[in-house]
Novice: 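Before we start, here is the structure in question, set down as structure tokens.
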Protein chains: 2
Amino acid sequence: MPKKHSDLADKAYEQIRGLILRYELRPGQHIDLIRTSQRLGVSFTPVREALRRLAQEELVSHIPNKGFSVREISVEEAECLYGVREALEAYGIEAAATRMSPDSLGEIARLSEMYHQSVLEKIDRKRFLLDKLFHIRIAEVSGNFVLVRMLEQILDKIIMKIRLEGMPRDRGPIAYQEHLEILDALKSQDPRRAVAVLRKHLSNAREGMVSFLRSRLISPELSVEEEIA
Amino acid sequence: MPKKHSDLADKAYEQIRGLILRYELRPGQHIDLIRTSQRLGVSFTPVREALRRLAQEELVSHIPNKGFSVREISVEEAECLYGVREALEAYGIEAAATRMSPDSLGEIARLSEMYHQSVLEKIDRKRFLLDKLFHIRIAEVSGNFVLVRMLEQILDKIIMKIRLEGMPRDRGPIAYQEHLEILDALKSQDPRRAVAVLRKHLSNAREGMVSFLRSRLISPELSVEEEIA
DNA sequence: TAATATTCTATTTTATACAATCTTGTCAAA
DNA sequence: TTTGACAAGATTGTATAAAATAGAATATTA
């Protein structure tokens, strides 16, 4: 009988990571060791090791003698993340464009349609996941597994930021159209066009994100004023 | 004020990382918890947490119930690393080219000359460090700190691989010339040329590395014998 | 003899107790 | 208001024991 995970620290890592990405632990929130280990039904030791890993990954921050907390991603950092994302994905799609198998193309087309569905249904959680998968699958075809791993971490952080703060409402359908263009470039095995279309797609997305985040930046102070009044 | 609880796990992390990058712990070697914690003069706990972090960073591998060992980087992975490196650095230098201050340019020029010195002196350790600093400083000017952190991790792994296995002998002086070309492109604030020259530089370096590693692949036993002797 | 179970041992992993240290907030004195 | 002592609570590090596991050694079976 094969046991799935016999590594509690590993399990704790996956679980806490999930809690963070699903906002059951919110950015800025202190992560209480006792509470968390009770929640997961294990002792401190594996939880602590999990948190160290997450700190290395920069999903949580650690201040010596003060403990762990869920990392807050600033607008500036989100922009940096997008910059790196563009560089990585552009490289990935260029390599992938000439290696696309019919199977891969089919899979990516399928993901596009599912993405479209989630846009129509307005289910954010599903939509962000499918968007991520669309981009990851393309990167995977490049054959560069180092790239894939890094991109996953980048995307998770970007999603963590924008899923909390929100995005322009009309972005979804446009993104779907852009996905179709990317797919089309991939079908015609045209690396240069694929790169160009992808770059356009990502720069649009970044623009939307940044302007939206900056516009929101004014309101939290207002709410403080409101509270005083 | 005596600070005793100032994060031993962090210190252990830095120390073990150093041991790995300096080959005092060799790729493939099992990392004994007892021995290592004695060596660092601390108990298991901080060492274990450090190793978890290093596993997350993929400098050590972890097999449940078997423990930790220094990661071995294959030729394929080294190629992947180089691919990502090119993508990241190309993006970085493009952003940096228009933001170069005279100070930054001076610093980078100085690093180039020190690199040249280390090539002439044939001190590998110094040479690899200065090469890394040259590339990192340029990336820093981009202002994208996410990029810098990722690049540092990539470069450390590449260095870890090629410092152990070796590089073509004549690569040093050529690399120096290429560094000068990069510097020149930066001085003239020409992003496109900077990117082009950098890409050429890195693809030359990758070529050299890959062909050298593949040629060594035939006689790995020999090299081990030599190193022991 | 070969294949398969079954101990056994060493190591890793987890849990827990405890001490040392650090942070923070409180309260009184300046 | 500021300062500093102090207590309460949390974090960190150590030590140690219990549980789980892998790998080797041994025994059993066919």
Side-chain angles (χ1 to χ4, degrees), chain A residues 1-20 24-72 227-228, chain B residues 1-20 24-72:
Chain A
M1 42 197 133
K3 277 205 172 180
K4 193 107 195 295
H5 279 272
S6 61
D7 191 338
L8 286 188
D10 235 33
K11 223 187 279 180
Y13 167 80
E14 298 290 352
Q15 291 191 80
I16 297 172
R17 199 173 192 279
L19 291 178
I20 291 172
E24 295 181 42
L25 294 168
R26 309 198 98 224
Q29 184 180 337
H30 177 80
I31 301 175
D32 190 49
L33 254 193
I34 301 170
R35 205 189 310 275
T36 308
S37 49
Q38 282 172 348
R39 188 172 183 177
L40 305 185
V42 296
S43 72
F44 309 138
T45 317
V47 175
R48 205 143 208 301
E49 290 175 9
L51 288 173
R52 288 282 189 186
R53 279 181 67 184
L54 288 162
Q56 176 68 23
E57 197 180 345
E58 299 191 286
L59 279 175
V60 316
S61 74
H62 173 72
I63 301 169
N65 298 314
K66 287 198 61 179
F68 299 88
S69 58
V70 181
R71 214 151 143 250
E72 297 183 275
E227 280 185 58
I228 292 168
Chain B
M1 279 290 196
K3 283 202 170 184
K4 209 176 178 198
H5 283 192
S6 62
D7 208 344
L8 286 187
D10 224 36
K11 271 176 208 153
Y13 167 79
E14 297 291 350
Q15 291 190 79
I16 297 171
R17 201 173 191 280
L19 291 177
I20 292 171
E24 294 180 44
L25 294 167
R26 302 183 63 94
Q29 183 181 337
H30 176 80
I31 301 175
D32 190 48
L33 252 194
I34 301 171
R35 203 190 307 277
T36 308
S37 50
Q38 282 171 349
R39 187 173 182 175
L40 304 185
V42 297
S43 70
F44 305 142
T45 315
V47 174
R48 205 144 206 299
E49 290 176 6
L51 289 172
R52 288 281 189 189
R53 280 181 65 185
L54 288 162
Q56 177 66 25
E57 196 180 345
E58 299 191 288
L59 277 176
V60 316
S61 74
H62 172 72
I63 301 168
N65 300 315
K66 285 200 63 180
F68 299 88
S69 58
V70 181
R71 199 133 166 269
E72 297 182 274

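First the proteins, then the strands, lettered A, B, ... as listed; each starts at 1. Small disclaimer: the values here were computed from a predicted structure and weren't measured.
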Novice: Within this structure, what is the CG-to-P distance between Leu40(B) and dG13(D), rounded to whole angstrom?
Specialist: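 That distance rounds to 13 Å.
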Novice: Please tell me which of the listed nucleotides, dC22(C), dT16(C), dA22(D), lies nearest to the side chain of Ser43(A)?
Specialist: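 Nearest nucleotide to the side chain: dT16(C).
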Novice: Taking the nucleotide of DNA chain C with the closest heavy atom to each, which residue, Pro64(A) or Gly67(B), is nearer the 5' end?
Specialist: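 The residue mapped nearer the 5' terminus is Gly67(B).
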Novice: Choose from dT14(D), dT12(D), dT12(C) the nucleotide whose nearest atom is closest to any side-chain atom of Thr45(B).
Specialist: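 Of dT14(D), dT12(D), dT12(C), dT14(D) is nearest to the side chain of Thr45(B).
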Novice: Rounded to the Å, how far apart are Ile63(B) CD1 and dT21(D) C1'?
Specialist: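 Nearest whole value for this atom pair: 13 Å.
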Novice: Does the side chain of Leu33(A) reach to within under 4.5 Å of the side chain of Leu51(A), using non-hydrogen atoms?
Specialist: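 Heavy-atom side-chain distance check passes, below 4.5 Å.
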Novice: Between P on dT12(D) and OH on Tyr13(B), what's the gap in Å once rounded to a whole number?
Specialist: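 Rounding to the nearest Å, OH of Tyr13(B) and P of dT12(D) are 18 Å apart.
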Novice: Name the closest nucleotide to the Asn65(B) side chain, picking from dT21(D), dT14(D), dT14(C).
Specialist: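 Nearest nucleotide to the side chain: dT21(D).
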Novice: Rounded to the nearest angstrom, tell me the gap between atom CG in Asp32(B) and atom P in dA10(C).
Specialist: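 Nearest whole value for this atom pair: 14 Å.
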Novice: From the set dG13(D), dT24(C), dT12(C), return the single nucleotide nearest to any side-chain atom of Lys66(A).
Specialist: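 Given the options dG13(D), dT24(C), dT12(C), the side chain of Lys66(A) is closest to dT24(C).
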Novice: Counting the atoms with a prime plus P, OP1 and OP2 as sugar-phosphate, which does Ile31(B) contact under 4.0 Å by heavy atoms, base, sugar-phosphate, or nothing?
Specialist: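 Since no nucleic acid heavy atom lies under 4.0 Å of Ile31(B), the category is nothing.
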Novice: Which is it for His62(A) and Asp10(B) under the side chain to side chain contact (heavy atoms under 4.5 Å, CB included) test, yes or no, and what are the steps along the way?
Specialist: CA-CA 10 Å; His62(A) 173 72; Asp10(B) 224 36; 6.0 Å; no
Novice: Please check if the side chain of Arg71(B) supplies one atom and the backbone of Glu58(B) the other of a donor-acceptor pair under 3.5 Å.
Specialist: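 Checking the backbone N and O of Glu58(B) against the side chain of Arg71(B), a donor-acceptor pair under 3.5 Å is found.
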Novice: Does a side-chain N or O of His62(B) approach OP1 or OP2 of dT13(C) to a distance below 4.0 Å, or not?
Specialist: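 So the side chain of His62(B) is within the cut-off, an N or O lying under 4.0 Å from OP1 or OP2 of dT13(C).
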Novice: Without decimals, in angstroms, what is the distance between Leu33(A) CG and dG9(D) P?
Specialist: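 Computing the Leu33(A):CG to dG9(D):P distance gives 18 Å.
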Novice: Taking the side chain of Asp7(A) as its heavy atoms from C-beta onward, which of dT12(C), dA15(C), dT13(C) lies nearest to it?
Specialist: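 Among the listed nucleotides, the one closest to the side chain of Asp7(A) is dT13(C).
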Novice: Any side-chain N or O of His30(A) under 4.0 Å from OP1/OP2 of dT23(C)?
Specialist: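 False: His30(A) side-chain N/O out of range (4.0 Å or more) of dT23(C) OP1/OP2.
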Novice: Would you mind telling me which of dG13(D), dT23(C), dT12(C) lies closest to the side-chain atoms of Pro46(B)?
Specialist: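 When the side chain of Pro46(B) is considered, dG13(D) is the closest of dG13(D), dT23(C), dT12(C).
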Novice: Classify Arg52(B) by what it touches in the nucleic acid, base, sugar-phosphate, or nothing, heavy-atom distance under 4.0 Å.
Specialist: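 Arg52(B): backbone/sugar contact only, no base atoms under 4.0 Å.
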Novice: Let me know the distance between CD1 of Ile34(B) and C1' of dT14(D), rounded to the nearest Å.
Specialist: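 Those two atoms, CD1 and C1', are 15 Å apart.
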Novice: Atom CZ of Arg48(B) to atom P of dA15(C): distance rounded to whole Å?
Specialist: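 After rounding, the gap between these two atoms is 11 Å.
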Novice: So do Tyr13(B) and Arg52(A) actually touch side chain to side chain, heavy atoms under 4.5 Å?
Specialist: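 Result no, sub-4.5 Å side-chain heavy-atom pair not found.
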Novice: With a 4.5 Å heavy-atom cut-off, do Phe44(B) and Ile34(B) have their side chains touching?
Specialist: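 Result yes, sub-4.5 Å side-chain heavy-atom pair found.
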Novice: What is the distance from CZ of Phe44(B) to C1' of dT16(C), rounded to the nearest Å?
Specialist: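 My rounded result for the distance is 15 Å.
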